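Contents: one structure, followed by commentary.
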Amino acid sequence: MHEIFSFLRDIALHNDREWFNAHRDRYEAAYGQFTLIATDMIERISRFEPGVIGLPVKSTLYRFYRDTRFSLDKSPYKRHFGTYINPMGKKSLHGGYYLHLQPGNSMVAVGSYGLPTPVLRAVRQSVVNEVERFHAILTEPELAALKPLLGESHLKTIPAGFPRDFAYPEYLRPREYDLSIMLKDDFFMNPDWPEQTAHLFHLMKPFIDFVNETVDDYI
């Protein structure tokens, strides 16, 4: 893990092709280590999510090279490593488990991303219909103590068509239904961090199961 974080810190400071080509061996070593981490995490998640058994590790990884065609940021390389372990593949609407390593910005997350408007509306309706269950999931004491973040971006108000007096407006305002826990760098310096990470994913499984019950009706 020291090797991975050291490389990611340096590529953030020297994000250009000349530096990268001169240090390609460090990239290959760090990415190789991350591939082993992703392989191990698939096995750990499979203990409570059998659908990921046999999932090829390459199918969970992301390219390190950035597509800069439509971005104002022309940096050629990412500043993080990520693996998205999804039983139905990275591009599926069905939600999965995401591990993101980036110095100062690492996290674990579960959920569904980029849901089409009808599916997003259906998930919100499921929250309204089963609000007690959804609330119990998010307020489970061990999970709640970790202060997970619901959604990456949010509407300013309750979306149209939903009750304005809904008891938990924060449950309807997310534009995507994911749950994330931010982790400090020193978390990954503990020898048992893979076990702890798998435990975090297990804690968040009821949330992703709730979302997938609705999403899967559309796929």
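Predicted model, so just to flag it, every value in this text is computed and none were measured.
Grouped with F70 in a hydrophobic cluster is no other residue, since no side-chain heavy-atom contact under 4.5 Å to another Ile, Leu, Val, Met, Phe, Trp or Tyr is found.
Under the 3.5 Å distance criterion, the side-chain polar atoms of R175 are left unmatched by any main-chain donor or acceptor of L120. Under the 3.5 Å distance criterion, the side-chain polar atoms of N86 are matched with a main-chain donor or acceptor of M88. No side-chain donor-acceptor contact under 3.5 Å links R66 to the backbone of T68. With hydrogens and angles ignored, the 3.5 Å screen pairs a side-chain donor or acceptor of D67 with a backbone N or O of R69.
Among pairs with a residue in residues 34-56, those fulfilling side chain to side chain donor-acceptor pair (under 3.5 Å) read D40-R44, E43-R47, E49-Y97, at least two apart in sequence or across chains. The salt bridge (charged side-chain N to carboxylate O under 4.0 Å, His left out) contacts involving residues 110-123 comprise nothing, where partners must be two or more places apart or lie in separate chains. Listed by first then second residue, pairs satisfying salt bridge (charged side-chain N to carboxylate O under 4.0 Å, His left out) with a partner in residues 13-29 read D10-R26, not counting sequence neighbours.
The same ILVMFWY cluster, assembled from side-chain heavy atoms under 4.5 Å apart, contains both M189 and L8. At a threshold of 4.5 Å between side-chain heavy atoms, the hydrophobic network of Ile, Leu, Val, Met, Phe, Trp and Tyr places M41 and F187 in one connected group. F48 and F210 fall within the same hydrophobic cluster, where Ile, Leu, Val, Met, Phe, Trp and Tyr residues are linked whenever their side-chain heavy atoms come under 4.5 Å apart, directly or through other members. Under a hydrophobic clustering in which Ile, Leu, Val, Met, Phe, Trp and Tyr are joined whenever their side-chain heavy atoms come within less than 4.5 Å, directly or via other members, F20 and L13 fall into different clusters.
Going from atom CG of L143 over to atom NE2 of H202 covers 12.0 Å, rounded to the nearest 0.5 Å. H2 NE2 to D185 CG: the interatomic distance, rounded to the nearest 0.5 Å, is 11.0 Å. With rounding to the nearest 0.5 Å, the separation of CZ in F64 from OH in Y27 is 6.5 Å. Taking CZ from F201 and CD1 from I45, the interatomic distance works out to 5.0 Å, rounded to the nearest 0.5 Å.
Partners of Y113 by ring-ring contact (aromatic ring centres under 6.0 Å, His included), not counting sequence neighbours, listed by chain and number: Y84. Applying the ring-ring contact (aromatic ring centres under 6.0 Å, His included) rule to F5 yields the partners F188; only residues at least two apart in sequence or on another chain are considered. With sequence neighbours excluded, the residues satisfying ring-ring contact (aromatic ring centres under 6.0 Å, His included) with W19 are H14, H23. Partners of F34 by ring-ring contact (aromatic ring centres under 6.0 Å, His included), not counting sequence neighbours, listed by chain and number: F81.
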Please walk me through it: do Y177 and V127 pass side-chain contact (heavy atoms from CB on, under 4.5 Å)? CA-CA 11 Å; Y177 276 84; V127 172; 4.3 Å; yes
Check the pair L146, M204 against side-chain contact (heavy atoms from CB on, under 4.5 Å), reporting the backbone distance first and the verdict last. CA-CA 11 Å; L146 298 168; M204 294 190 285; over 6 Å; no
Check the pair I37, I4 against side-chain contact (heavy atoms from CB on, under 4.5 Å), reporting the backbone distance first and the verdict last. CA-CA 11 Å; I37 287 170; I4 290 173; 3.7 Å; yes
Y171/F134 under ring-ring contact (aromatic ring centres under 6.0 Å, His included): CA gap, chis, key distance, verdict: CA-CA 9 Å; Y171 294 170; F134 192 74; 5.2 Å; yes
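Side-chain N/O atoms of S75 and D73 include a donor and acceptor closer than 3.5 Å.
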Using distance only, find each side-chain donor-acceptor pair of residues 147-165 under 3.5 Å and give its atom names and separation, not counting sequence neighbours.
residue : atom : partner : partner atom : Å
S153    : OG   : E176    : OE1          : 3.4
H154    : NE2  : L150    : O            : 2.7
R164    : NH1  : I158    : O            : 2.8

Distance-only donor-acceptor pairs under 3.5 Å for side chains of residues 50-62, two or more places apart:
residue : atom : partner : partner atom : Å
S59     : OG   : P56     : O            : 2.6
T60     : OG1  : V57     : O            : 2.8
T60     : OG1  : T83     : OG1          : 2.8

Sequence neighbours excluded and cut-off under 3.5 Å, please list the side-chain donor-acceptor pairs for residues 212-219, or say none.
residue : atom : partner : partner atom : Å
N212    : OD1  : G95     : N            : 2.7
N212    : ND2  : H94     : NE2          : 3.2
N212    : ND2  : I208    : O            : 3.4
E213    : OE1  : R133    : NH1          : 3.0
E213    : OE2  : R133    : NH2          : 2.9
T214    : OG1  : S126    : OG           : 2.6
D216    : OD1  : H94     : ND1          : 2.7
D216    : OD2  : H94     : ND1          : 3.2

Under 3.5 Å, which donor-acceptor pairs link side chains of residues 98-107 to any protein atom two or more places apart or in another chain?
residue : atom : partner : partner atom : Å
Y98     : OH   : H100    : ND1          : 2.7
H100    : NE2  : Q102    : OE1          : 2.9
Q102    : OE1  : N105    : ND2          : 3.3
S106    : OG   : Q102    : N            : 3.0
S106    : OG   : Q102    : O            : 3.0

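Taking the six-membered ring for Trp and thresholds of 30 and 60 degrees, H135 and Y168 have nearly parallel ring planes, at less than 30 degrees apart.
The closest side-chain heavy-atom distance from L138 to L179 is below 4.5 Å.
Heavy-atom contacts from other residues, nucleotides or ligands closer than 6.0 Å to NZ of K184 number 12 or fewer.
What you find for N15 and P76 is that their closest heavy atoms are OD1-CD, 3.1 Å.
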